[in-house]
Number of protein chains: 2
Amino acid sequence: MQPPLEPCSRQLAAARQALSQAEIVCQQRGVRLTQLRRRVLEIIWHHSSPLGAYAILDVLRNDGRQGAPPTVYRALDFLLEQGLIHRLASLNMFMGCRQPGAHHSGQFLICQDCGQADELNNQTVEATLHTEAMARHFEVLAQTVEVLGRCLDCQEASRHGD
Amino acid sequence: MQPPLEPCSRQLAAARQALSQAEIVCQQRGVRLTQLRRRVLEIIWHHSSPLGAYAILDVLRNDGRQGAPPTVYRALDFLLEQGLIHRLASLNMFMGCRQPGAHHSGQFLICQDCGQADELNNQTVEATLHTEAMARHFEVLAQTVEVLGRCLDCQEASRHGD
DNA sequence: TATCTATTGTTATAGAATAACATCGAATGA
DNA sequence: TCATTCGATGTTATTCTATAACAATAGATA
């Protein structure tokens, strides 16, 4: 689980796109994507795998900005509310959302070796859970669906490694 | 989210059954359900909603037993390994498993008002996630499926309350 | 400009989980 | 019976995650 330190060009491009999309979404909604919030979103997108709040805080401090945990958590709360990032409950970490604008819970494949997470949006899973809930007269507010396992790269790496 | 302090008779009966089942399962597997582990399982079953590790620790201390966090976490680890309890990642809490013996991830409906959690075992959800994972050559090790919302009782309570 | 509100800074603390090492206790064999 | 061994528990300390409470600041509005 070694997070790379420098984002590759593909990540940078993804981050740029995510940030400009975020600007649009926030403008449409009349909410403020401040410097801090924008920077936190950028930090998250520059990283190839989900990041913890304190890792984000470290980067902010490296920026020269002063800050404490609430600084980060408030920015994260804003980004979560706007559907710009997801929180992975099983890791206590945060990652960028590829479909901002439309609020959705999403489903995630999380590799326990490299830490990377893939977002799914399987309608069958979501609908089936809704049906199960309805049968119990349960009102659904959010879904947490996280599949822990190993991605192809890490399976191969462990085979060659041994 | 007010957890009741005294278990009702239905809970006590459920706890008794869960404990005797746990005894059988552990004996069959040749693992030891010690006093401490048994007591932690009992505490969890005596409570109507999922419990946090530190809440369990408080009960243990009320018993007169000395203890620190590792005391509880080791017992919880054992019970998780044996499939006797589940951990709810979105709450950092633990609850009894109704199908001990068969290791399974389960799916949960969690009421944000009263804190109670209902366990599902929907095969469609599990199979669909497996299929999605396979399509990405992702090896599944565990599934976390937690639906947050409001149970019928709490929906009605809030309607009458306003 | 004065005011109001949202945002950020700051300090302190609560809550969740584990590392590392000491001690105890139940099973096993001599 | 005693000694040994290994699993289980006790103990202390620390790390990581998250929030409460209040102060200071900056942006918008009248």
Side-chain angles (χ1 to χ4, degrees), chain A residues 1 3 22 26-27 29-41 43-44 49-61 63-82 84-95 112 115 144 146 148, chain B residues 1 3 22 26-27 29-41 43-44 49-61 63-82 84-95 112 115 144 146 148:
Chain A
M1 189 103 92
C26 288
Q27 198 162 8
R29 291 181 188 158
V31 295
R32 292 171 53 201
L33 187 64
T34 60
Q35 281 283 321
L36 174 65
R37 291 165 175 173
R38 191 188 153 86
R39 178 63 181 132
V40 168
L41 185 58
I43 290 167
I44 290 171
S49 53
L51 267 177
Y54 283 69
I56 295 168
L57 183 55
D58 285 342
V59 178
L60 285 176
R61 283 172 172 160
D63 285 358
R65 180 190 287 270
Q66 65 246 62
T71 308
V72 176
Y73 280 103
R74 283 188 291 229
L76 291 171
D77 285 343
F78 171 85
L79 297 171
L80 284 169
E81 269 169 31
Q82 300 304 322
L84 298 170
I85 61 172
H86 290 290
R87 179 173 186 276
L88 301 181
S90 61
L91 300 180
N92 296 323
M93 285 183 171
F94 304 85
M95 63 180 284
Q112 70 171 13
T144 299
E146 299 172 16
L148 186 73
Chain B
M1 191 103 94
C26 289
Q27 196 162 9
R29 291 181 189 158
V31 296
R32 291 171 53 200
L33 187 64
T34 60
Q35 281 282 323
L36 174 65
R37 291 164 174 174
R38 191 188 152 86
R39 178 65 181 131
V40 169
L41 185 58
I43 290 167
I44 290 171
S49 54
L51 268 176
Y54 283 68
I56 295 168
L57 183 56
D58 286 342
V59 178
L60 285 176
R61 284 173 172 160
D63 285 357
R65 181 190 286 270
Q66 66 246 64
T71 308
V72 176
Y73 279 103
R74 283 187 291 229
L76 290 171
D77 285 345
F78 172 85
L79 296 171
L80 284 169
E81 269 169 30
Q82 300 304 322
L84 298 170
I85 61 172
H86 290 290
R87 179 173 185 277
L88 301 182
S90 60
L91 299 180
N92 295 324
M93 285 182 173
F94 304 85
M95 63 181 283
Q112 69 170 13
T144 298
E146 298 172 17
L148 187 73

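In what follows, chains carry the letters A, B, and so on, assigned in the order in which the sequence lines appear, proteins first and then strands, with residues in each chain numbered from 1.
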Contacts under 3.5 Å, N or O only, protein and nucleotides 12-15 of chain C:
none

Would you say Val40(A) and Phe78(A) make side-chain contact, with heavy atoms under 4.5 Å?
no

To the nearest angstrom, how far is Tyr73(A) atom OH from dT10(C) atom P?
19 Å

For Arg65(A), which residues count as a side chain to side chain donor-acceptor pair (under 3.5 Å) partner, sequence neighbours excluded?
none

May I ask you to test the Leu84(A)-Cys26(A) pair for a side-chain heavy-atom distance under 4.5 Å?
yes

d(Leu88(B) CG, Thr144(A) OG1) to nearest 0.5 Å is 10.5 Å

Identify all side-chain donor-acceptor contacts of residues 53-61 of chain A below 3.5 Å with residues at least two apart in sequence or on another chain.
| residue | atom | partner | partner atom | Å |
| --- | --- | --- | --- | --- |
| Arg61(A) | NE | Gly67(A) | O | 3.3 |
| Arg61(A) | NH2 | Gly67(A) | O | 2.9 |

What range of DNA chain D does chain A touch, first nucleotide to last, counting atoms under 4.0 Å from its heavy atoms?
dT17(D) to dG27(D)

Taking only residues at least two apart or on different chains, which pairs with a member in residues 66-82 of chain A satisfy salt bridge (Lys or Arg N to Asp or Glu O under 4.0 Å)?
none

Please round to the nearest 0.5 Å and tell me the distance separating atom CD1 of Ile85(A) and atom CG of Leu79(A).
4.5 Å

Contact list (N/O, under 3.5 angstrom) for nucleotides 3-8 of chain C vs protein:
| residue | atom | partner | partner atom | Å |
| --- | --- | --- | --- | --- |
| dT7(C) | OP1 | Arg37(A) | NH1 | 3.2 |
| dT7(C) | O5' | Arg37(A) | NH2 | 3.3 |
| dT8(C) | OP1 | Thr34(A) | OG1 | 2.5 |

Who passes salt bridge (charged side-chain N to carboxylate O under 4.0 Å, His left out) against Arg39(A), sequence neighbours left out?
Glu42(A), Asp63(A)

In chain order, what residues pass the side-chain contact (heavy atoms from CB on, under 4.5 Å) check against Arg87(A), with sequence neighbours excluded?
Leu80(A), Ala89(A), Asn92(A), Phe94(A)

Rounded to whole angstrom units, what separation is found between the CG atom of Leu80(B) and the C1' atom of dA16(C)?
14 Å

Side chain to side chain donor-acceptor pair (under 3.5 Å) with Ser90(A): which residues, sequence neighbours excluded?
Glu146(A)

